[in-house]
Structures are given as structure tokens and as C-alpha cells.
Number of protein chains: 2
Amino acid sequence: MSEATEKRVRSRRLSGGGVKMVDVARLAGTSTQTVSRVLSRPELVADDTRKLVEQAIRELNYIPNSAARLLASSVSHIVAVIIPSLSATVYAQEVHHIVRVLEEHSFSVVIGHSDYSELREERLVQSFLERRPDGFILTGTQHTDLTRQLLRNSGVPVVETFDGDNAAMDMSVGFSNLEAGRKVAELFLSRGLTRIAYVGGRSDQDFRSNARFEGLQSRLAEAGLAPVARIELTLPMPAGDGVRGLDQVLAIDPLTQAIFFSADTLAISALLECNRRGMRVPEQLAICGFGNYDFADAIVPALTTVAVPFEQIGVLAANAILARLDGSVQGPSQTVVPLQLLRRGSA
Amino acid sequence: MSEATEKRVRSRRLSGGGVKMVDVARLAGTSTQTVSRVLSRPELVADDTRKLVEQAIRELNYIPNSAARLLASSVSHIVAVIIPSLSATVYAQEVHHIVRVLEEHSFSVVIGHSDYSELREERLVQSFLERRPDGFILTGTQHTDLTRQLLRNSGVPVVETFDGDNAAMDMSVGFSNLEAGRKVAELFLSRGLTRIAYVGGRSDQDFRSNARFEGLQSRLAEAGLAPVARIELTLPMPAGDGVRGLDQVLAIDPLTQAIFFSADTLAISALLECNRRGMRVPEQLAICGFGNYDFADAIVPALTTVAVPFEQIGVLAANAILARLDGSVQGPSQTVVPLQLLRRGSA
DNA sequence: TTGTACGCGTTATCAG
DNA sequence: CTGATAACGCGTACAA
């Protein structure tokens, strides 16, 4: 390989044009230290020197190397986010707002899918830890022991989201899934409905859905109702699974009066299927969803559902990390955001 | 600060427990080089030594520092992905599959939102470049000059997605938006519809929507039809905007026979609104969407739409980066994935 | 198959 | 306000 070729390859890999801080310093006639200061704490540099440096930076198209910065300063400006899947609107929404907030504070977000598996989450944590993130945002409070140990050991701020019922390792921003279930139970009870079913994710995959079921179940039991039928779907659940859930419920009890679906996607597809079959909603079958997604109030009848403030969760989670990093907040914290039952046409 | 406290703080920030390769080497009784080899090319190490090292790694909970690795090897194992917004299902889906594929190859994905702005994209590129990513995946082919220059200069593989009509800077994986428009025009023509409207994003924001409009318009013009009415909505467009688009179209021409919406979300909400108003679809008004989202075929009448293989786009984009990185593919490339018009009930 | 010496690009420390 | 020097933790090249 000729020297020229080698140089080209090298600079390509470096992908910074090969220009580094020394080059800027040389051109500006200062030391690298001053360049560094202009970049991180410009107020400490004399105006003239600063302008000289800034000029040199532009001229050379200098792009700092964050790896070198991390190595020297042990601050990565990275926040690692692990969610079950980006194809579920819920999590996509949450991440959207996390990214939005963190971008404003010049943090980068690296993202990973646990695919609803604690083990995959563990592997991701392990691999993300190599990047020395300044914060972690996880989903739920269910993790392997190793995950907990790794995280605790690393000392990185951790926010667990979507679960306000269980204790968090560090910080948490979530809502009470138990309460969601109870709210829906109340609704059904207030309408005098007694033959009730629940459709959600598999109990070994979706722990937060479990809590919603528990809430529903326990409140109904308090009212003296028989245990509700429960259908467990394998995650991820495409919208069409709502129809399958509906069919399984009706197979168990054709006279079922109400179904609580663990996600609006399921509820909507079930409701539309009822329309198609001529089953009257809510008279013949009441349907309640969870999440208040797009179209929940556009379909006919409009979907009764539990509104979850996904945006707020994302924003608060990001802020929790930021607050811990800038030192304005110190200890653990547990934030529970409110849910709202939206009574519309379907239940 | 006591020495102990100082040490604790330090190790917290390092978030790797402070254990480094030398520590592992020391415990295993080898050199760091051997540890390094065990991590990257285990086959070059004798079985016994390897086991010793692996044992030491476990015992110390050693977590490699990717910044140091990058600094020494100039490989970051990071791919930067920039999309307009994660709250649009399209992009969330695409990213989902990008992440899925890249995770399998132990690449991390950092993600950013351009918010449909070239300038914000430019700033993101600038900031991501500091991390020396091994690849970039962008959306569309519309970028600022600086973005192009920065990217070209860096030598990083770049994939532009969602636009198969325009020339790419390096590689591209997309579909023809022009063709999408033409396909829909054909459909309307075949049904003898002549008063046609288009509802999409603002022309200065959504360039790919522009192309769909062009395709529609030009094909209709070829058939001798008058220019179609065009409604421009400001991005991001919540689903409810479909109704606003519908209203604006009807305000311009109450006798409009067909509308092509630039996204299914808009089309679905408009269609449901038509149902509510008692406007018969497609007899009175034909509706065609774009994207084939969830519920497109669950509503009544089922939505006629253009199916876009978002998953395939994500997978191909990720693979394009990977192929370039492992050297199996060298030059630029332009991949166009096929679209499919799904004729269903609404048009 | 393993070890040694050095460089990667930046920031912290401390002196001036 | 600025500069010299020493880390930061790992991979590469080369030698053994």
C-alpha cells in the first residue's frame, strides 16, 4: 500500500478528516489546552484568543473526538435507553420524547430492544456499559440479578419507566398498572357488567399487563364477582391479535359482557371486528382499551380507554437523568404519573 | 475529600467499576495483550490461557472501555441514524428493524430527530460525527451542502432511505415516490374519477410527499385532467389532520371525487369522519392512503393504499452499512424496493 | 503463542 | 488567562 493510500484509508476510518486538536492549536498559535477550553468553557479564554481558535476550527473543519474526550474526562454524554420494542407505539412515543429532551442538552441516545426478554436486556446493559453512558433508562422493574448488579456497580443513574407499582433500583417514572385495572373494574361494575374477560400479553412476558389484570381481578373479587377469564397472547402482539383474543374469549364464554384489552391496538381491532360481525358494542359486548392511541376516539363507537401520559413519562425520565447529572438532585426518587379513564362509547 | 471518597466518586464516574484490562491481566498472570486477544480474537490464544483470562474477567466484572478501544483502533461500532421523528410509525418501524439487524452484529445505534428540518439534520450530523460512527443512515436525499461536505469528508458509509427517485451521495435504499403517485393516478383513472385532490405535508418540509404529488399530477395531466387541488399540512401531522385536510379539500371543491392522502393515518381519520358524516366511501368520495399501516384493512370500508416495505428498507439499509464495513461491497449503490397498490374498499 | 513499547486525541493538574 | 505534562484504557506492531 502506498503511503498516500494508507493515509487516505486512515483518515477515512478516523472519519474526522484526521484533523485534531493539535492542528487547531498550531494554526491558532496556542496550546491544545486553550483549544480545549474554547470548546468546553469559552468564558475562561480571552476574547482575542478565543476568536483565533474559533477561526482555526472553522478553517480546518475540526471535529472533536468524543472518545478521547471520554477517556480523559470520563463523561460520555450518552444515555442508554432500553425498551421492549420500537414497533410498539407506546415505546416509540416515549423514546421520541426522551430523545427530544436529551438532544436539547447535547446528549446522544443509544437505543436497544429487549424484545420483552430480561436476558436480552441483560446483554444489552452489558454491552452498553462498555460505552460508559452517563445514564440508563429501562422499561419496567423486572430485571435479572446480574442486570441489577452491573448497574448498581457502575454507579450510573438509572430510571425505570412504566411501572409505578414496584420498587425501583434507583429512580422511576411510571404509573400504577394495578390502579388502571381497578379503574376499569369500577367502570364495568358501575354498568352492572358481571361476565368479564381480560386479554393481554403472556404473564411471563408482560409483567405490567399482569398488574393490570391483578387490579381488575382483585377489584371485581371485592365486589363478589367470579374470577375473570384471561387470554394470554405472545408478544409482540400485532393489532390483529385483538380479533384472536376476542375469539378466544367468546370460545370460553359466548355470553361475555365486557373485555379489557391490555392495549388499544388490540381493542380497536376487536371493536372493528365486532362491528363487522354485527355484535353491538357496548350493548352486547363492552370493550375497554389501554393507552388512548391514535384513532381510539375516531372509530365508532369511540373507544373507552385508559389514557397514559407517554410523553410526560419520556420527558420526566430524561429530566430525572439530567437532574442527577447536574447535581441538582441527589437520591433515589419514584414518580407516579396519573392515569385517566376516558369513558367513551365502547364501554 | 478523603482518599476513599475520592476513589468511590472516581469509580462511579468511570462506571466500569474501575477495573481495567491490566487488572485482568495481572489476575490471570498474562499480559494485557493476551486479554485483548481473548476479547477480540480468542482463536489465537491457547485454550488454557484463554480460560484463565475469562475466569479473571468474570471474577473482576471487567467491562471493556469502548472509548479506549475506539481511540486505539478507530472503530466505534456505532451507526448513527437520523430520522424526521420517532412519533411517525413509518420511521419508528424502520428504525426498529435497523436496530434489530445491527444489534445482531454488535453495533450500537445512536438516534436523532431532524424534525423535518435540514438544518437540524446538519447539526445532528455534526454532533454525531464527534462519535466517529462507522456508518450513517439518513432519511431522504435532501440535505444542506455542509451536511454533504461533512459526510463526504469523513469517509463514513452513508445510506439515504425512503427516496428512490433522486441521486444518493453514497448508498441509498428507497422506493419511488413518483411511481407511488402514478400508481394512484392510474387507479383513479381506471375508475373514471376526474375531480381529484391531494393532501400531504408542506412542500418545503416533506420532499418525498412532493414527489408523490408530482407523480399523481403528471399522470393525470397525461390523461388530460385538470391540475389537482393540493392541501399542504404542517408537519408533523397528527392523525386528526386527516379531517382538516378533508374539510379543506371539500371547501375548495365540494364535488371532489377522490383524495390521495400522503399517509394512512390521515386517510384513516378522514375515512372514519366520512362514515360519521354519512358520506359514502368510495361512491361519493374515493380515498387512497399511503403506507398500509395498522388498521388500514380493519376499518370499513377497508383502506385502499400503497404498501411500503418499511421493514425491508430498514433491513437493507443496515445491511448496506454492514456490507461496506466488512469490505464485501465497495462502491456506491442504489436500491429501489417495490411498492404495491392494495386495492381495497375505499377507492 | 505471548509480551513490550508506543500511540490514539483529549482533559486535568498545576505552574506560571 | 495560558501552557507543559501526565494521565485516560486499549490496540498495533514488532519482537521473542
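Everything quoted here is computed from the prediction, not taken from an experiment. So you know, we letter chains A, B, ... as the sequences are listed, proteins then strands, and number each from 1.
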*Test item: B:Arg26 side-chain N/O and B:Met21 main-chain N/O as donor-acceptor pair under 3.5 Å*: no
*Could you give the CZ-to-P distance, from A:Arg132 to D:dC8, as a whole number of Å?*
14 Å
_Nucleotide D:dG3, atom P - distance to CG of A:Leu44 in whole Å_ = 14 Å
_Check ion pair A:Glu311-A:Arg100 (N to O, under 4.0 angstrom)_ = yes
*Short side-chain to backbone donor-acceptor contact, A:Asp134 and A:Val79, under 3.5 Å*: no
*Interatomic distance, B:Arg41 CZ vs C:dT1 C1' [rounded to whole Å]*: 13 Å
*Atom CG of A:Leu52 and atom P of D:dT2: how far apart are they, to the nearest Å?*
10 Å
_Does this structure show an ion pair linking A:Lys20 with A:Asp23, if we count only N-O contacts that are shorter than 4.0 Å?_
no
*Given C:dT1, is OP1 or OP2 found less than 4.0 Å from the side-chain N or O atoms of B:Thr34?*
no
_Could you tell me how far apart B:Arg131 (CZ) and C:dT10 (C1') are, to the nearest whole angstrom?_
14 Å
_What is the separation between atom CG on A:Asn65 and atom C1' on C:dG9, rounded to the nearest whole Å?_
6 Å
*asked:* Give me the atom names and distance for the closest heavy-atom approach of B:Arg132 to B:Ser76.
replied: O-OG, 2.6 Å
*Identify whether any heavy atom of A:Ser66 sits under 4.0 Å from a base atom; if not, whether one sits that close to sugar-phosphate; answer base, sugar-phosphate or nothing.*
nothing
*Protein-nucleotide distance (B:Lys51, atom NZ; C:dT2, atom P), rounded to Å*: 13 Å
*asked:* Output one letter per nucleotide in nucleotides 11-16 of chain D: B when a protein non-hydrogen atom lies under 4.0 Å from the base, S when only the sugar-phosphate is that close, - when neither is.
replied: SBB---
*Between B:His77 (NE2) and D:dC10 (P), how many Å, whole number?*
16 Å
_Nearest-nucleotide pick for A:Tyr62, side chain only, options being C:dT10, D:dG9, D:dT2_ = C:dT10
*Classify the side-chain pair A:Ser117/A:Asp115 by whether it contains a donor and acceptor separated by less than 3.5 Å.*
no
*Nearest heavy-atom neighbours spanning A:Gln334 and A:Ala167*: NE2-CA, 3.9 Å
